[in-house]
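Have a look at the structure below, then the notes.
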Number of protein chains: 2
Amino acid sequence: MIKLTQAKFVTLKDIAEKAGVSVNTVSRALNNKPDINPKTKEKIEKIADELGYVKNSYATMLKSQVSNTIGVIVPDSSNPFFSEVFKGIDRAAKEKDYQIIMMNSEGLYENEEQFIRTLLERRVDGILLFPMQKSYEDIKELIRERFPIVLVGREYDGWDVDQIYSDEVKGGYIATKYLIEKGCKRIKMITDELYNSASFGRVEGYKKALKEKGKKVQDQDIKICDKIHEGYHIQAGYDEVTKMLKQKEIFDGIFCYNDLIAYGAIKALKEHGIRIPKDVRIVGYDDITFSSLIEPELTTIRVKKEEMGYEAFNMLYKRIKSDRISNSFVKKILDVELIIRKSA
Amino acid sequence: MIKLTQAKFVTLKDIAEKAGVSVNTVSRALNNKPDINPKTKEKIEKIADELGYVKNSYATMLKSQVSNTIGVIVPDSSNPFFSEVFKGIDRAAKEKDYQIIMMNSEGLYENEEQFIRTLLERRVDGILLFPMQKSYEDIKELIRERFPIVLVGREYDGWDVDQIYSDEVKGGYIATKYLIEKGCKRIKMITDELYNSASFGRVEGYKKALKEKGKKVQDQDIKICDKIHEGYHIQAGYDEVTKMLKQKEIFDGIFCYNDLIAYGAIKALKEHGIRIPKDVRIVGYDDITFSSLIEPELTTIRVKKEEMGYEAFNMLYKRIKSDRISNSFVKKILDVELIIRKSA
DNA sequence: TATTTTTTTGGTAACGTTAACGGTACTAAT
DNA sequence: ATTAGTACCGTTAACGTTACCAAAAAAATA
């Protein structure tokens, strides 16, 4: 039972006075330490409960220098992709009794910088970062100083830091290959801004499949929609396809950077009476929950989202627990899988 | 630039020694306090920067007794409804320079209890709670002790605490009324477990509309699906409708507790070749992003999600800043709105 | 009974920061 | 020359906890 006497928290001292023992003894009793008389312990626990003692974690953390907390920086927590990855993080953290401070960078560099500072001020034991930018001085500095950090979802080649991400090139490749095999003659790609390995990789896979099948890569077929942060992916996909249609571009297949963009693309196509997959075939990316619900059900690349989060935490945990001297960094690459549904 | 010399954080003392001044002077310099020579300040700032000083917020909080942090407890952060409410909270918190610690209770009472304790241990200045249960001793205790807390999304009648929630009865009422006016003869309702005002209110509105239109409320028409936590709403809606169909129940309208359940219901109906809205009309609740994307586009009740979060934070902020003696609590009720699309 | 061992407890200092207060040095006013 | 005022800086104590060591009490051994 939690009690706050007159909006003030009870301290160890208060308990000690009431129990007629020293503060130290109370501390030992409440922290299941050895060297304490079971009877004393019981008595102290009872008083602590009566008084509604709630430990002050600031004091504990200040003294012990560990927070049992990690920071997580995601670009957009309302994007179902990140929600699912986060679930995995959350599950792993609970297993190890760690707290999470989550921050929403909205994909903005200034935010990321600011958040890292805040997390450091809070003396988190480590940071899980979904980076958005191509490179950052602050993060590199953290890495240089061996601050426990794991980069999630994006590959940063040559960086001395633990990383976990999907095989993006493969994803882009099998998606595009499937479209070609289904008979698509001209496949467009709609991608997010090309500022990290996720977009680069998927585009690369797209190109690879085209080349392999003897098709020429047309640069104007790769649509880069900027400013699609903060949940605007759907809108971006919609706008891009609408524009393509208005300009009478010719295509019979679209490979979308993610499912949200695909949703928007489908909406635009439907509005113009274009049949999916008969006239245009669509493949998305991520396989978020809703992709099996929309019409037509979305063919997409399944990414191991929960596993990514779960593994990411455990990699970070390992790093936190190990010394900071080690020079061997782990790069974990998760496999992807084509989920065949109706849209292609 | 953040620097961590040999994985150890720099302290005020380190700066003081290097600058040849006292710790206090450094503190004043770095916190923009008066009584400091601009030249000294500049010098200290330079050294702090060189050394890569990052303040230890535990120490600050311990001393100052304020954390500028609130705790937010949501039942399921991967539910788009909560994501959107959370966005509002996040926006408001940023405006006031507050940090958020978010916790995912998964709708479990034990978790809520545990989380409140953790948040209290972290000495958050206040708590925003989306309660799942009907009543709790711990929360009541907090309220008794005037700990700053705002209950979000659910009404707790007679509780001396700030609350913000939607007009659920109205929502249930206009949804059901619309179905009746569209010609539905037999309307089922699929709801979450009846353990809070959201479910109660919506059911009440459903009943009210039926009665008003001279229809008898059939208790067996109200399907209560339990165990639909943790993102299983879609599955629950699917299972419930499948069961109804298997048992050859007769109905031409369904009012769903939320959009996710409606998605599942739609999926089940489609699989059985039942046409929407021709054979069965469906209305959802919440109006989450994806509801305008599924087929048929979902008619639903729009809840002011972002506003709810934004207002909730500001109510809490006010409470934190005011004294804790005040006996007047505010109850804010947000209006709802019927969004007519294709499913009904 | 005296001595050693074990168990249990208390005192002190420290974690890093800030607030209150006091002191010093310098300038301006009497 | 004395006083008053101001600007700047340092000392001290505190926030609540825990680690370390010493002390006391109890139990076990000689």
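The chains referred to below are lettered A, B, ... by the order of the sequence lines, with proteins before strands, and numbering in each begins at 1. When reading the values below, keep in mind they use all heavy atoms of this one structure, side chains included, and skip hydrogens, waters and symmetry mates.
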Legend entry - N or O in side chain of Gln65(B) less than 4.0 angstrom from dA14(D) OP1/OP2: no

Inset, instruction - Give one of base, sugar-phosphate or nothing for Lys33(A), where a contact means two heavy atoms less than 4.0 Å apart. - result: sugar-phosphate

Inset, instruction - Please check the phosphate of dT18(D) (OP1 and OP2 only) for any side-chain N or O of Asn31(A) closer than 4.0 Å. - result: yes

Legend entry - Below 4.0 Å: OP1/OP2 of dT18(C) and any side-chain N or O of Ser64(B): no

Legend entry - Rounded distance (Å) that lies between atom P of dC8(D) and atom CD1 of Ile44(B): 12 Å

Inset, instruction - Identify whether NZ of Lys or CZ of Arg in Arg123(B) sits under 6.0 Å from the centre of the six-membered ring of Phe9(A) and within 45° of that ring's axis. - result: yes

Inset, instruction - Could you state the atom-to-atom distance from CD1 of Ile36(B) to P of dT24(C) in whole Å? - result: 20 Å

Legend entry - Distance-only donor-acceptor test, Arg123(A) side-chain atoms vs dG16(C) base atoms, 3.5 Å: no

Legend entry - OP1 or OP2 of dC15(C) under 4.0 Å from side-chain N/O of Lys63(B): no

Inset, instruction - Return no unless some side-chain N or O of Thr40(B) is found under 4.0 Å from OP1 or OP2 of dC9(D). - result: yes

Legend entry - Side-chain ion pair, Lys18(A) and Asp14(A), N-O less than 4.0 Å: no

Legend entry - Closest nucleotide among dC8(D), dT17(D), dC15(C) to the Val23(A) side chain: dT17(D)

Legend entry - Tyr53(A) side-chain N/O to dT17(D) phosphate OP1/OP2 under 4.0 Å: yes

Inset, instruction - Whole angstrom is fine here: how far is it from CG in Leu12(B) over to C1' in dA19(C)? - result: 14 Å

Legend entry - Phosphate contact (dG10(D) OP1 or OP2) by Thr25(B) side-chain N/O below 4.0 Å: yes

Legend entry - Whichever of Arg28(B) and Asn56(B) has its nearest DNA chain C nucleotide further upstream toward 5': Asn56(B)

Inset, instruction - Consider the side chain of Ala59(A), meaning its heavy atoms from C-beta on, and name the nucleotide among dC15(D), dT17(D), dT18(C) that approaches it most closely. - result: dT17(D)

Legend entry - Contact under 4.0 Å: Asn24(B) side-chain N or O vs dT17(C) OP1/OP2: no

Legend entry - Ser22(A) side chain near dG10(C) phosphate (N/O to OP1/OP2, under 4.0 Å): yes

Inset, instruction - Let me know, please, whether Leu62(B) or Asn37(B) comes out on the 5' side of the other along DNA chain D by nearest nucleotide. - result: Asn37(B)

Inset, instruction - For dT18(D), take OP1 and OP2 only and decide whether either is under 4.0 Å from a side-chain N or O of Ser27(A). - result: yes

Inset, instruction - Output the distance between atom CE (Met103(B)) and atom CG (Asn111(B)), rounded to the nearest 0.5 Å. - result: 10.0 Å

